[in-house]
Novice: 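Before I ask anything, here is the structure I am working with.
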Amino acid sequence: MPTTRESSSASPIGRDTRRVDGPLKVTGVAQYTSDFNFPGMLYAVPVEATIASGRVTSLDTAAAEKMPGVRAIFHRRNIGKIFRSIPGPGFEGICEERRPPFDDDVIRYYGQYIALAVADTFETAKAAADAVRATYQIDKPNVEEKLTADDDPDTVLTTFGVRHRLDSERGDPDGAYKSAPVKLDQTYVTPTEAHNPIELHATTAIWDGPNLTLYESSQGVVNLRSVLAQMFGLSKENVRVVTRFVGSGFGGKLFPWTQCPLAAAAARQLGKPVKLVVSRKMMFQTVGHRPRTQQRVRIGATREGKLVSLQHDYIYQRSMLDAHHEDCGEATPFQYSVPNLRVTFGRAKRNIGAGADMRGPGAVPGLYATESALNELAYELKIDPVKLRVLNEPKIDEGLKLPFSSRHLLECFDLAVEKFGWAKRTPEVGSMKRDGLTLGWGMAGCTWLAARFPAEATLQLRDDGTVRIATATQDIGTGTYTILAQLAAEKTGVPIDKVEVVLGDTLLPEGPLSGGSMATGSLVPAVFTAADAAIVSLLTVAVATPGSPFENRKPDDLTLKGGRVVAKDGDAASGVPFADLLRRANLRLVTGSGRSESTFGNPSPKFSTHSFGCHFVEVTWQPEIARLRVSRVVSVIDAGRILNPLAGRNQIQGAVVMGMGMALFEHTSYDPQNGAPINSSLADYIMAVNADVPPIEVHFVEHPDIQINELGARGIGEIGLAGIAAAITDAVHHATGVRVRELPVKIESLLT
Ligand code: MOS
């Protein structure tokens, strides 16, 4: 096999690398969950409750059952046993809606599944579902947007464990606030937002004796296997989850939703494969959303702008069923220096579906509030908002009392100021014009956690010169296939197109959730360890194979360089392609396995590990026709070493667009009468589209963070959404003089 030294000499790390799965996607070859079909497969369509609070008193399925092609109408009395699941150990067993579907007759939110029609075709199943008649005892639903904290105990059980409602405290926040020369006390509101990836949630369930296989659109196949194994009383070994490609998830697909056990239960009852694809309307009802939040921020400061007290008290909406925690205060204790601080949270139960993580959960709504408050303070004090932040730059994480592993926020500000041209800003409202438009310039800082999930991977070196890397994680559209190919290429010296990446199957070694922007950072050490182990095997083969040029050497004398085994003391050109050595030894392949441990939730960390950055935004405002546009964004991100700048910029740009949606458009509204999400379609739920998107300039300041992994790569993605809404609303204020504290910005609020 010809192996040229040129093709393997340059490191693939840090290079713009196009998606290795791109051609499969654009040619339609990539199979998403609903593309999988099986002989005898049936289609399931859930029946949705049309009330949000009450009880099903009777269900008339007679007409539906009589329809030709209908196989069954399932409900509480005939679906068969579905057990509850519990979390742990590790990052397994997690789901947001803890009640198994059909567990009782109580309706807790609009759209809750109350029955399931299964038929030979999707159309018949849909018609049958529509023909099921439910009678209810109806209670008045509570979908009130204004939030008052429920009377919860001081500690509450959340999806990720017990949390104290007094989340963080230091110094004397009340006293320091009272005596502060300058005070700010404002409340900021973020709406319920729907994830709405283009690919709908979908499950196809197939039983083979005691074995259950699930084709699922998931951001975490390993966790999903654990939940479904529990729900069907199976060992994990009896459950296989397959997720080859995901048409995005944004956190909505992190944990399983109730359509998955329903499809599995129906398939069990009927002895046939069952496919269930949720409708777009159901995407607003039964598969999670970013919870509405209401956040009071109180800041005490000196006239010079030094923070002396910061209080962040937030309340979020939750369903009757979930334990989701919207951690709005995540960044508050460390992002800026302040000696006196308190962060508390409260929860308010509503008759809505379960809340869920949505891209940048917690910190994104949280930073909207705290960064907005800082911008308001800067305006009051007539201090430049960048300068205010520089003035309050912390030396350490004052919450954890630990050094930051790597924090270069000031460098981000410097670069953004330069690239954006911030020095030309005049602070007075409406003072900047261009081409007859009023300009608004605003900015905000941002941060997002950096940590690792546990991860395992295997790497094979094969006798045709190719490398195979495998792990049970999944590519949710962020570029995991590509990054893994880059990592394998880096370690083995083969070109990227000679690397086969296999993901999305629980038969593979357990990989991380695709969540928290943590998959890449988690996989680096696992893949590198696996590669090292495979290389050790290869070098052992090289010295042990009769006739090998290295027959009399020790494995330690050798190394793999550019795809060739070479003597460390020899000339690189004298190396032998590893494929030649394997063939000579009559080996198809050698394999190495690697595992790395979690750092997420580490109870005794040595460093505070986070990514940082900032967004600078320009809006244009035409009061004559009430037209507001975001016209320019500059984002500078400190996320450690960037492994694939092309994919990294793409992640930040996508997140900025989503942040525009958060700031200007997105809001799921619930009907106070029946509790239904009113705007439950892509026509009525407004989000940013291509025509809204301005030039978005993304820069990285690259400081490898070796506390995360040996490449120094922290995650990237969610940080692009953090802070952007605060930057936009500050720019809106600069242009219009209107301070919007409840998202999304509505044009009518700007018409003063
Ligand atoms: Mo992200 S909300 O962790 O998928």
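Every number for a ligand or one of its atoms is a count from 1 in the order of the listing.
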Novice: Distance from Ser279 atom OG to Phe284 atom CZ, nearest 0.5 Å?
Specialist: 10.0 Å

Novice: Can you confirm whether the side chains of Arg163 and Thr158 place a donor and an acceptor under 3.5 Å from each other?
Specialist: no

Novice: Hey, which residues fall under 4.0 Å of ligand 1 on heavy atoms?
Specialist: Gln219, Phe250, Gly251, Leu254, Asp357, Met358, Arg359, Pro361, Ser514, Gly515, Gly516, Glu718

Novice: Could you check whether the rings of Phe160 and Phe600 sit parallel, tilted or perpendicular, using 30° and 60° as the cut-offs?
Specialist: perpendicular

Novice: Quick test of your reading of the model: are Asp475 and Arg244 salt-bridged, counting only N-O distances below 4.0 Å?
Specialist: no

Novice: Do Arg347 and Asp150 sit within salt-bridge range, that is, some charged N less than 4.0 Å from a carboxylate O?
Specialist: no

Novice: Applying side chain to side chain contact (heavy atoms under 4.5 Å, CB included), name anything that partners Thr529, two or more places apart in sequence or on another chain.
Specialist: none

